[in-house]
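Working notes, structure below.
Only this structure's heavy atoms are used, side chains among them; waters, hydrogens and symmetry mates stay out. Note on naming: letters A, B, ... go to the chains in the order of the sequence lines (proteins, then strands), and numbering restarts at 1 for each one. These numbers come from a predicted model, not from an experiment.
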Protein chains: 2
Amino acid sequence: MTIKEVCKRFNVSPDTLRYYERVGVIPEVHRTAGGIRDYSDDDIKWVETATCFRSAGMPIELLIEYVKLFLEGDHTIQARCDLLKEAKERILAERKKFDDALEKMEYKIRVYEKAVETGRLEWDDESSCCCCNKPKE
Amino acid sequence: MTIKEVCKRFNVSPDTLRYYERVGVIPEVHRTAGGIRDYSDDDIKWVETATCFRSAGMPIELLIEYVKLFLEGDHTIQARCDLLKEAKERILAERKKFDDALEKMEYKIRVYEKAVETGRLEWDDESSCCCCNKPKE
DNA sequence: TATTGACTTGGAGTTAACTCCAAGGTGTAT
DNA sequence: ATACACCTTGGAGTTAACTCCAAGTCAATA
């Protein structure tokens with residue numbers, strides 16, 4: 001599979017894929033005799049994992065570490081497992097922050113929608129919502 | 001409340017708070033006669049919202065736009081509501097990516113844990129999991 | 001009142017993760 | 001065989017969001 005096809009499939013740029021390979025986010029990709037990238041099934045799976053983890057905000061350094069351990073062979077299985085568990089905890093913590101923000105947003109949206117309906121903006125004083133401050137004249 | 005206290009409460013640096021104010025992520029903060037920042041309750045609520053939305057990955061530009069609309073007054077209520085709804089959709093989309101990554105991670109963790117137990121690494125061929133490629137010798 | 005430490009500003013520097021570029025090689029359609 | 005589009009590399013440039021710095025001001029303490 002050409003770089004172009006892989007890009008289309010995972011919605012990333014060729015520069016990004018070459019960059020990932022260069023810094024070790026994915027292992028070296030299979031080439032044609034002429035030196036042109038020709039992604040194997042395994043290469044594609046690595047791209048899939050890299051783009052999936054990246055779009056969940058995992059730092060590139062972590063992926064590089066994972067690939068490095070993988071290339072070292074089976075004696076790094078425990079280390080890889082630990083790395084993934086830590087990554088999972090990170091993502092769970094991040095997701096919690098998303099949920100907090102969602103809650104705050106939904107509250108604000110409710111208040112604004114009611115204001116559009118009734119013409120009066122009424123913030124619950126107990127809420128720790130910033131929108132209750134009135135613009136200073 | 002001093003800048004230091006606000007920093008401690010929201011776990012951000014003084015530079016970050018000053019930066020937020022400078023670029024308009026929060027409105028101008030109340031000052032003492034000497035010109036030193038003395039955060040009011042409302043100021044603090046803005047900081048809370050800013051840090052909450054930022055840690056959910058909302059870009060600063062969006063927060064600046066929200067504050068700008070707020071300062072323009074009540075005729076921007078509909079616009080603010082629309083902005084928040086769009087922000088909410090973004091966060092939902094981001095959270096979906098987190099869930100996808102979590103699922104992939106949990107699968108890999110399960111396989112690695114089994115490998116640690118049994119001594120054999122066995123990836124389900126149907127899964128689109130990159131870890132099934134063997135290191136090239 | 002002098003020292004000390006925290007605060008102020010505008011502007012420059014840093015970091016992660018790309019993104020672009022120039023100079024040249026590959027491969028396929030005429 | 002000659003365009004032509006697309007690929008290669010190493011290295012430089014960009015962007016968002018801080019983060020640091022220098023030079024000066026403020027405020028609490030000895």
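Distance CD (Glu61(B)) to C1' (dT15(D)): 12 Å, rounded to an integer number of Å. Going from atom CG of Leu63(A) over to atom C1' of dA16(C) covers 13 Å, rounded to whole Å. Residue Ile60(B) contributes atom CD1, which lies 12 Å from atom C1' of dT15(D) at whole-angstrom precision. Rounded to an integer number of Å, the gap from CE of Met58(B) to P of dC18(D) is 13 Å. The CG-C1' distance, from Leu62(A) to dA16(C), rounds to 14 Å in whole Å. Here the P atom of nucleotide dC7(D) and the CD atom of Glu21(A) are 14 Å apart, to the nearest Å. Atom CG in Leu17(B) sits roughly 10 Å away from atom P in dT8(C) (whole-Å rounding). Rounded to whole angstrom, the span from the OH atom of Tyr39(B) across to the C1' atom of dA6(C) amounts to 14 Å.
Side-chain proximity of Tyr19(B) to dA17(D), dC7(D), dC7(C): nearest is dA17(D). Out of dT19(C), dC18(D), dG10(C), the shortest distance to the side chain of Arg22(A) is found at dT19(C). Nearest nucleotide to the Arg18(A) side chain, out of dA17(D), dT8(D), dG10(D): dT8(D). Distances were taken from every side-chain heavy atom of Ile3(B) (C-beta onward) to each of dT8(C), dT19(D), dC7(D); the shortest belongs to dT8(C). Out of dC18(C), dT8(C), dA17(C), the shortest distance to the side chain of Arg31(B) is found at dT8(C).
Ring geometry, Phe98(B) versus Phe98(A): the interplanar angle falls from 30° to 60°, so the pair is classed tilted.
The closest side-chain heavy-atom distance from Ser40(A) to Asp43(A) is below 4.5 Å. Taking the side chain as every heavy atom from C-beta outward, Glu86(B) and Asp82(B) never approach each other to under 4.5 Å. The closest side-chain heavy-atom distance from Leu62(A) to Arg90(A) is below 4.5 Å.
The side chain of Thr16(B) contributes no N or O atom lying less than 4.0 Å from OP1 or OP2 of dA17(D). In terms of phosphate contacts, Tyr20(B) brings no side-chain nitrogen or oxygen within less than 4.0 Å of OP1 or OP2 of dA17(D). Applying the 4.0 Å criterion to OP1 and OP2 of dG25(C), one finds that Arg37(A) has every side-chain N and O outside that range.
For Asp15(A) and dC20(C), a side-chain-to-base donor-acceptor distance below 3.5 Å is present, hydrogens and geometry of angles not being considered.
Within the 3.5 Å criterion, the main-chain N or O of Asp38(A) finds a donor-acceptor partner in the side chain of His30(A).
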